[in-house]
**Q** 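Here it is, the structure in full.
Lettering of chains follows the sequences in order, A, B, ..., and the numbering in each one begins at 1.
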Amino acid sequence: MSGRASSDTLAPPVPIEPGAERIVRRRHYGRWVAAALALALASAFAFSLWRNPNVNRHVVLAYLFAGPTLSGVLVTVELTVLAMGIGVIGAVILALMRLSHNPVLVAVALAYQWFFRGTPQLVQIIFWGFLGALYHNVIIGIPGTRIVFFSAPTSTLVGAFVAALLGLGLNEAAYASEIVRSGILSVHRGQVEAALAVGMTPRRTMRRIVLPQSMRVIIPPMGNETISMLKTTSLVSVISGHDLLTNLQNIYSQTFQVIPLLIVACIWYLFLTTILSVVQARIERRYSRGVATGRQRTRLRPHGIRGTRTSQ
Amino acid sequence: MSDPILRLQGVCKSFGAQRVLNDVNLDVARGEVVCILGRSGAGKSTLLRCINHLESIDSGRITVDGQIMGYRARGHVLHELGEAALARQRLAVGMVFQQFNLFAHMTALENVVEAPRGVLRMARGDAEDLGRALLRRVGLADRCDAYPSELSGGQCQRVAIARALAMKPKVMLFDEPTSALDPELVGEVLDQMRDLAKEGMTMIVVTHEIGFAREVADRAVIMDEGLIVEEGEPRATLANPQTDRARAFLARVL
């Protein structure tokens, strides 16, 4: 539309009394075009899948709720939850060590991060899985004496599941600690000073003032990590952990129905990811207290952000 | 001065090679209101932050109500206190910041109640009664449940004053409390401070509000390059400074 044509059509022929005009909001034609296009593409793709004989939806349906699938889902969920538990707790400890004034703690945390981020995760999991080959027995005592408090063969202490947990959780702690650290650093220094000024100890300040505010920054990337962990759990196949993908791979290595079983895996991973996204959105809303409501905050448009002038 | 509540003796402080406080001596009597004036970078804010040991001093000694801030004297040696002991000492000193520094994730009432509950171990009901009373006092009885982002700058600063008063401090420090405010909001904060002064609170106020200093302060202190260059009765000091440095500063702000 040229500027000239629009100015011709928009010029009112007769003056209308101000306040009497009807207001018509801007029309978003682009949205309708985009919606039609997206719908067409999605239905074409769905149709092609539906008609594709290689997909074999009967096999998909048969295995979607089969025993090995469900037990695999359970293991995957257990591993994700527990490994993220270890990861998050470890991450907070490492982040606090990195930010402490104690140079020894800083060095230890740096060394931990250096090692666990610097070696491949697959190798770490294999090492934990075959820890018995490295150390036959776990012995806790006083070196140079015959005093032993505890002794057991490694293989009974660290089974496949525990090895998988350690391999996933300890690695996660190293990565997630940087997320926690950036969250803590994002809290304005004045918050700490105000807390100290009313007589709070540094420990209490961290727990009551800094960490709750850093959550807003920590949650989105931590949600990323959790979803990523959900799929990384499949690495434990190398130490015969029975997670979802490993169980399905075992099936198709015998039946050769690769595509349908991988579709089963995708359906379950997508389902679990969806649940995690919903949980993440809830947690995010909880920790956005005092900033703005979630909807306003996630909008990119400037007019969606209100009341930020007086905020700190 | 027979029994000063706050006493600064030979206080020196450097940031790296830069000397920020250079042998500062100041006695403040109970109930006295002292306004500290001076151009930016003169060391005013650092001086306040040293009083409650947010910054540690390099030499000299700061005493609040007989207690040496930040240190324990043993013979001729000063041992720096641990964090818990420091936190206890800071209870005697309230502080109000230029940027308010309200806890952003807490409502106005939660901001005021947090330390009485967590530090003084007050029961929830008692702490909330105290919090509501203090917010009523600063004229914000109806904004107890508002978050800092929903309050104007002046309201934020009044909440911050209530938060500091909740700990029943013996001395209140104000670090440019109105410098971050829109001009029309300055008055409401100064009114609160005026009331507080009338009630006999000991106050050290770093400010650029010459009018407030003249009207409310018992003493004006002018600092320049880490030194107190002039001090005295505010009207006389501000109208007729004796030193060149004080004159130069006042010529610029008056």
**Q** Among Leu91(B), Asn52(B), Leu54(B), which residue has the highest count of heavy-atom pairs closer than 4.5 Å to chain A?
**A** Leu54(B)
**Q** Hey, which of Arg189(A), Met200(A), Arg204(A) has the most heavy atom pairs under 4.5 Å with chain B?
**A**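 Highest number of pairs under 4.5 Å: Arg204(A).
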**Q** Go through the atoms of Arg208(A) and report whether side chain, backbone, both or neither lie under 4.5 Å from a heavy atom of chain B.
**A**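 Contact with chain B is through both the backbone and side chain of Arg208(A).
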**Q** Please identify which of these residues, Ile86(A), Val88(A), Val81(A), Leu82(A), meets the side chain to side chain contact (heavy atoms under 4.5 Å, CB included) condition with Met84(A).
**A**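 It is Val88(A), the one option of Ile86(A), Val88(A), Val81(A), Leu82(A) that forms the side chain to side chain contact (heavy atoms under 4.5 Å, CB included) with Met84(A).
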**Q** Determine whether the aromatic ring centres of Tyr29(A) and Trp32(A) lie less than 6.0 Å apart.
**A**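 They do not qualify: ring centres at least 6.0 Å apart.
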**Q** For the rings on His105(B) and Tyr287(A), is their centre-to-centre separation under 6.0 Å?
**A**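 No: the rings miss the under 6.0 Å criterion.
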**Q** Determine whether Glu80(B) and Arg72(B) satisfy the following criterion, salt bridge (charged side-chain N to carboxylate O under 4.0 Å, His left out), listing intermediate values before the conclusion.
**A** CA-CA 6 Å; Glu80(B) 190 164 14; Arg72(B) 185 183 294 116; over 6 Å; no
**Q** Do Thr202(B) side-chain atoms and Gly31(B) backbone N/O form a donor-acceptor pair below 3.5 Å?
**A** yes
**Q** Measure Gln98(B) against the heavy atoms of chain A and call it side chain, backbone, both or neither at under 4.5 Å.
**A** neither
**Q** Inspect the contact between Glu199(B) and Arg137(B) and indicate whether a charged nitrogen and a carboxylate oxygen are less than 4.0 angstrom apart.
**A** yes
**Q** Where on Arg163(B) is there a heavy atom nearer than 4.5 Å to chain A: the side chain, the backbone, both, or neither?
**A**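 It is both, since atoms from each part get that close.
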**Q** I'd like to verify something: which residue of Ala195(A), Gly190(A), Pro212(A) has the highest number of heavy-atom pairs under 4.5 Å with chain B?
**A**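 It is Gly190(A).
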**Q** In terms of heavy-atom pairs under 4.5 Å with chain A, which of Ala84(B), Ala164(B), Gly118(B) leads?
**A**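 Going by pairs under 4.5 Å, I would pick Gly118(B).
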